[in-house]
Novice: 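Dropping a structure here in structure tokens format, bear with me for questions.
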Amino acid sequence: RLVVVSGAARGVGRGICRQTLAADPTTQVLCTARKLEQAQALASELNAKYPGPPKRAHAAMLDVADEASCIALAESLKPGGLLGDIRNPRDPLVVVNNAGITFDLPWFLSPWPPEGAAKTLDVNLFGAERHTRAFLPQLLESDDGRAIFVSSGGGRANMARMSEENRNKLLSEDLEWEDVVGLTQTFTREYEEFAQAAIDAESKG
């Protein structure tokens with residue numbers, strides 16, 4: 001089995017690579033990161049701790065915000081590709097969508113620019129879609145293909161701040177546009193109150 005992990009350079013992704021090798025001596029991991037040298041450093045560390053043969057940890061560059069990068073990684077694992085020798089087409093394949101970015105969660109103490117929201121969606125949501133779509137033919141061809149999506153605790157933290165009424169409304173299956181507008185206004189008011197409280201606390205300190 002080969003496990004391809006996005007955002008493997010640190011944090012959760014690094015832990016996924018390490019625990020995967022520790023849990024199953026027959027599994028290989030492909031550590032990916034936007035900076036190739038970081039992925040290579042992790043792969044070297046893991047190979048020293050979990051030696052083969054064959055070599056169990058591999059490295060590649062991946063930027064999930066770039067569709068061409070996702071496609072290039074998937075192509076490299078096909079027969080004849082740069083990494084094509086580390087798996088056969090029908091071998092079990094797991095794609096772990098871990099790469100993500102975060103700003104000042106759960107609330108922002110200063111205005112959050114629109115480009116911050118756009119970048120978050122582009123990496124955390126659409127990046128996972130690009131990564132999975134690039135590997136989809138190989139996942140379907142594999143005898144056991146799986147895509148795993150790692151989510152953030154930021155949403156859960158923000159949900160905990162809501163009133164029970166708003167939380168239930170947001171999770172409702174029949175949420176209507178008027179409800180979305182109302183919740184947005186509520187979130188805006190709560191943000192302003194939280195930000196003002198933080199400013200007041202800072203001025204008193």
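All values derive from a computational prediction rather than experimental measurement. We use all heavy atoms of the structure for the numbers below, so side chains are in, but hydrogens, waters and symmetry mates are not.
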Novice: Quick test of your reading: applying salt bridge (Lys or Arg N to Asp or Glu O under 4.0 Å), list the pairs with at least one residue in residues 2-13, sequence neighbours left out, ordered by first then second residue.
Specialist: none
Novice: Using atom types as modelled and distance alone, determine if a side-chain donor or acceptor of Thr132 lies under 3.5 Å from a backbone N or O of Ala128.
Specialist: yes
Novice: What is the distance from atom CG of Leu42 to atom SG of Cys31, rounded to the nearest 0.5 Å?
Specialist: 4.0 Å
Novice: Please determine, by modelled atom types, if Ser142 and Asp144 share a side-chain donor-acceptor pair under 3.5 angstrom.
Specialist: no
Novice: Supply the atom-to-atom distance Arg87 CZ to Leu30 CG, rounded to the nearest 0.5 angstrom.
Specialist: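 With rounding to 0.5 Å, CZ (Arg87) is 11.0 Å from CG (Leu30).
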Novice: Hey, could you give me each pair passing side-chain hydrogen bond (donor to acceptor under 3.5 Å, both in side chains) that has a residue in residues 67-76? Not counting sequence neighbours.
Specialist: Glu67-Arg133, Glu75-Lys78
Novice: Would you say Asp63's side chain and Arg34's backbone share a donor-acceptor pair under 3.5 angstrom?
Specialist: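 No; zero donor-acceptor contacts below 3.5 Å.
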Novice: Counting only N and O atoms by type, is there a donor-acceptor contact under 3.5 Å from the side chain of Thr32 to the main-chain atoms of Ala60?
Specialist: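 Between the backbone of Ala60 and the side chain of Thr32 there is no qualifying donor-acceptor contact (under 3.5 Å).
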Novice: Does Val96 belong to the same Ile/Leu/Val/Met/Phe/Trp/Tyr cluster as Val123, with side-chain heavy atoms less than 4.5 Å apart forming each link?
Specialist: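 Per the 4.5 Å side-chain linkage, Val96 and Val123 are not co-clustered.
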Novice: Is Val64 reachable from Val12 through a run of I, L, V, M, F, W or Y residues, each pair having side-chain heavy atoms under 4.5 Å apart?
Specialist: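 Not linked; separate clusters.
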Novice: Determine yes or no for a side-chain-to-main-chain donor-acceptor pair under 3.5 angstrom, with Arg56 supplying the side chain and Leu46 the backbone.
Specialist: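 Side chain of Arg56 to backbone of Leu46, a donor-acceptor pair under 3.5 Å: no, none is there.
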Novice: Near Phe126 CZ, under 6.0 Å, is it more than 12 heavy atoms from other residues, nucleotides or ligands?
Specialist: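 Result for CZ/Phe126: open.
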Novice: Taking C-beta and beyond as the side chain, do Cys70 and Leu62 meet within less than 4.5 Å on heavy atoms?
Specialist: yes
Novice: Ignoring hydrogens, what is the shortest heavy-atom contact between Ser6 and His131? Give both atom names and the distance.
Specialist: CB-CE1, 3.9 Å
Novice: Could you state the interatomic distance from CZ (Arg130) to CD1 (Ile71), rounded to the nearest 0.5 Å?
Specialist: 10.5 Å
Novice: Please round to the nearest 0.5 Å and tell me the distance separating atom CG of Leu136 and atom CD of Glu141.
Specialist: 11.5 Å
Novice: Do you know which two heavy atoms are closest between Ala65 and Asp122, and how far apart they sit?
Specialist: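 What the structure gives for the nearest pair is CB-OD2, 3.7 Å.
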Novice: Between Asp91 and Asn88 (side chain of the first, backbone of the second, donor and acceptor by atom type, cut-off under 3.5 Å), is there such a pair?
Specialist: yes
Novice: Looking at side-chain heavy atoms only, is the closest gap between Val4 and Leu77 below 4.5 Å?
Specialist: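 A side-chain contact exists here, since the closest heavy-atom pair is under 4.5 Å.
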Novice: Could you report the tightest heavy-atom contact between Ala43 and Ala57, atom names first, then the distance?
Specialist: O-CB, 3.7 Å
Novice: From Glu129 CD over to Phe149 CZ, what is the distance, rounded to the nearest 0.5 angstrom?
Specialist: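 Here the interatomic distance stands at 9.0 Å.
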Novice: Would you check if the side chain of Asn124 reaches a backbone N or O of Ile101 as a donor-acceptor pair within less than 3.5 Å?
Specialist: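 Yes; judged by distance alone, with no hydrogens or angles, the pair exists.
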Novice: Is the closest side-chain heavy-atom distance between Ile86 and Leu2 below 4.5 Å?
Specialist: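 Yes, their side chains come closer than 4.5 Å.
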Novice: Provide the full list of salt bridge (Lys or Arg N to Asp or Glu O under 4.0 Å) pairs with a residue in residues 36-53, sequence neighbours left out, each pair given once.
Specialist: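 Passing the test, one end in residues 36-53: Arg14-Glu45.
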Novice: Are Ile148 and Val95 close enough that some pair of their side-chain heavy atoms sits under 4.5 Å apart?
Specialist: no
Novice: Tell me whether Val5 is reachable from Leu83 by hopping between hydrophobic residues (I, L, V, M, F, W, Y) whose side-chain heavy atoms are closer than 4.5 Å.
Specialist: no
Novice: Within the structure provided, determine whether His58 and Gln28 are in side-chain contact (heavy-atom separation under 4.5 Å).
Specialist: yes
Novice: Can any side-chain N or O of Asn168 pair as donor or acceptor with the backbone N or O of Glu164 at less than 3.5 Å?
Specialist: yes
Novice: Side chain to side chain contact (heavy atoms under 4.5 Å, CB included) for Thr120 and Leu125? Distances and angles first, verdict last.
Specialist: CA-CA 8 Å; Thr120 299; Leu125 176 61; over 6 Å; no
Novice: Test Tyr50 against every option in Val29, Leu21, Thr27 by the side-chain contact (heavy atoms from CB on, under 4.5 Å) rule and name the one that passes.
Specialist: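 In the set Val29, Leu21, Thr27, the residue that makes a side-chain contact (heavy atoms from CB on, under 4.5 Å) with Tyr50 is Leu21.
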Novice: I'd like to know if the side chain of Arg1 reaches the main chain of Leu93, judged simply by a donor and an acceptor atom lying under 3.5 Å from each other, with no hydrogens or angles considered.
Specialist: no
